[in-house]
Student: 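After the structure tokens below, expect a handful of questions from me.
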There are 2 protein chains.
Amino acid sequence: MTDTAGPGPAGPRSAGPVRSSAVERRILDAALRLFAERGFDGTSVQGIVEAAEVTKGALYHYFDSKDDLLYEIYHSLIARQLADLGDVLARGLPPREAVRAVLTGLIRSTAEHIDEAKVFSREMHRLDGARMRSVRADRRRYHVTFRGLVEKGQRAGVFSDATPAETVTIVALGMVNQMPSWYRADGPKPAARLADEVAGFILTALEGGASAR
Amino acid sequence: MTDTAGPGPAGPRSAGPVRSSAVERRILDAALRLFAERGFDGTSVQGIVEAAEVTKGALYHYFDSKDDLLYEIYHSLIARQLADLGDVLARGLPPREAVRAVLTGLIRSTAEHIDEAKVFSREMHRLDGARMRSVRADRRRYHVTFRGLVEKGQRAGVFSDATPAETVTIVALGMVNQMPSWYRADGPKPAARLADEVAGFILTALEGGASAR
DNA sequence: GCCAGAAAACCGACCGGTCGGTATGCACCT
DNA sequence: AGGTGCATACCGACCGGTCGGTTTTCTGGC
């Protein structure tokens with residue numbers, strides 16, 4: 001196993017600064033940019049090392065394979081999302097405020113790291129078995145946690161249970177996961193406003209309608 | 001140009017059986033299945049011809065390139081979606097029923113042709129300039145038409161205008177476009193029920209909240 | 001009914017080029 | 001003197017696409 005599933009979501013590391021030399025980061029940045037721009041298969045290893053201004057030897061010194069780069073990108077994205085989610089949960093907000101905080105935070109964060117999200121949504125299927133399982137498990141944890149938040153609100157009578165929490169989750173996270181295909185940082189609407197609108201829309205549906213309790 | 005864009009959407013043809021020989025369809029079917037399963041770059045032309053039980057010569061007799069196969073898949077998907085949309089519009093339903101009909105139809109149709117949708121969402125960026133523009137234009141038409149439906153309801157006072165129609169469209173179509181990443185035909189929930197739940201959820205948000213008019 | 005000739009359908013060996021990855025060497029630091 | 005951090009040259013596999021040729025189907029004259 002790849003030890004990616006620690007107890008805490010990206011908790012403090014014992015010995016910190018060993019991770020990621022400058023060269024390592026340059027490679028990762030270049031890979032991210034090129035993957036987002038041309039896709040994984042459309043990007044050659046040679047292209048990455050040229051963009052990062054290093055040599056192939058350096059790349060294969062730090063990474064096992066091209067797929068390794070992909071996994072690093074995925075992992076950093078999911079780790080950040082789970083950490084943000086954990087932060088909100090730790091604040092112990094009531095359901096409505098919790099859902100709003102999670103959704104707006106997720107949308108803002110996705111907008112801010114749109115390249116990672118783009119690569120993720122487009123090339124996730126390329127991962128090999130073990131890594132695929134690890135990434136999927138993390139994604140599922142996020143999904144289940146969000147759904148649990150909705151369920152909690154439904155049980156408390158704050159949200160209508162006309163629509164199953166699973167379906168609500170699918171709609172909300174579906175919008176977020178689709179962002180890479182249309183969101184542009186220089187677009188007309190700031191991410192923060194978009195986030196507020198979407199959260200407001202989802203909450204309206206959750207609160208409106210026939211409250212069955 | 002490939003003359004695939006006739007006047008009517010797949011309407012009756014003057015002299016029919018020229019289009020799509022059995023071999024042509026076998027190739028397209030195999031390509032669709034393999035693209036959905038392994039991705040475009042992960043699928044070799046050799047693999048396609050073996051799966052279709054034809055030879056490479058036959059494939060390049062009917063298609064110009066591997067990319068050609070992709071475009072055919074995209075085009076058939078979008079053509080169907082636009083045709084369905086047109087059918088609903090032609091019925092002249094009031095906004096609420098129109099939105100419901102479009103959404104449930106789109107979700108059911110996407111579930112039914114999930115492989116096409118999967119290839120589409122994953123590999124759209126691979127198209128070259130001219131074809132990319134054509135596909136994007138069709139997608140945009142769908143988006144704008146749907147948004148127009150929402151706007152019409154808002155102007156009529158049937159829908160709340162608390163959330164901009166554009167944002168509503170982003171949420172609704174975002175869910176649909178994300179379906180390929182999780183929907184399974186053998187899943188626990190039939191597509192028809194899912195479609196009803198989602199449409200109900202979106203309509204609740206559209207009708208609920210403070211109606212500003 | 002038949003046959004010649006043309007056109008469409010199809011075959012499969014082959015090619016140029018690219019790509020991910022490796023082998024080996026060397027400078028520098030400790 | 002040995003390990004880390006690279007550089008460079010190179011490899012074998014594979015891939016999309018081509019091309020000369022063969023088979024099958026269609027067409028029209030008789």
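Here is the naming used below: chain letters follow the sequence lines, and residue numbers restart at 1 for every chain. Note that the structure is a prediction, hence the values are computed from the model and not measured.
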Student: For A:D41 and A:G57, find the nucleotide of DNA chain C closest to each by heavy atoms; which residue's nucleotide sits nearer the 5' end?
Tutor: A:D41
Student: Tell me the interatomic distance from A:Q46, atom CD, to D:dC10, atom P, rounded to whole angstroms.
Tutor: 15 Å
Student: Does either side chain, that of B:Q81 or that of B:S109, offer a donor lying less than 3.5 Å from an acceptor on the other one?
Tutor: no
Student: How long is the line joining CZ of A:F40 and P of C:dC19, in whole Å?
Tutor: 13 Å
Student: In Å, rounded to the nearest 0.5 Å, how long is the span from CG of A:L70 to NE2 of A:H75?
Tutor: 14.0 Å
Student: When the distance from CD of A:E50 to P of C:dT18 is rounded to whole Å, what number comes out?
Tutor: 13 Å
Student: Write down the distance between CD (A:E53) and C1' (D:dC6), rounded to a whole number of angstrom.
Tutor: 16 Å
Student: Taking only the side-chain heavy atoms of B:V23 (C-beta and beyond), determine which of C:dC10, D:dC6, C:dT22 contains the nearest atom.
Tutor: C:dC10
Student: Can you tell me how far P of C:dC11 sits from NE2 of B:H61, to the nearest Å?
Tutor: 11 Å
Student: How many whole angstroms separate atom CG of A:L59 from atom C1' of C:dC19?
Tutor: 14 Å
Student: Roughly how many Å is it from CD1 in B:I48 to C1' in D:dG17, rounded to a whole number?
Tutor: 13 Å
Student: Report the nucleotide, chosen from D:dC6, D:dT8, C:dC10, that has the shortest atom-to-atom distance to any side-chain atom of A:K56.
Tutor: D:dT8
Student: What is the distance from CG of B:D67 to C1' of D:dG16, rounded to the nearest Å?
Tutor: 10 Å
Student: So, under a plain 3.5 Å distance rule, would you say the side chain of A:K66 forms a donor-acceptor pair with the base of C:dG21?
Tutor: no
Student: Could you tell me whether B:R133 and B:D128 have a side-chain N and a carboxylate O separated by less than 4.0 Å?
Tutor: no
Student: Ignoring the backbone of B:T55, work out which of D:dG17, C:dC10, C:dG21 is nearest its side chain.
Tutor: C:dC10
Student: Kindly point out which of C:dC11, D:dA7, C:dG21 is positioned nearest to the side chain of A:A58?
Tutor: D:dA7
Student: Salt bridge or not for A:E197 and A:R193, using N-O below 4.0 Å?
Tutor: yes
Student: I want to check one thing: is the phosphate of D:dC6, taken as OP1 and OP2, less than 4.0 Å away from some side-chain N or O of A:Y62?
Tutor: yes
Student: Parallel, tilted or perpendicular: which one describes the rings of B:Y74 and B:F120, with boundaries at 30° and 60°?
Tutor: perpendicular
Student: Which is true for B:S44 with a 4.0 Å heavy-atom rule: it touches a base, it touches only sugar-phosphate, or it touches nothing?
Tutor: sugar-phosphate
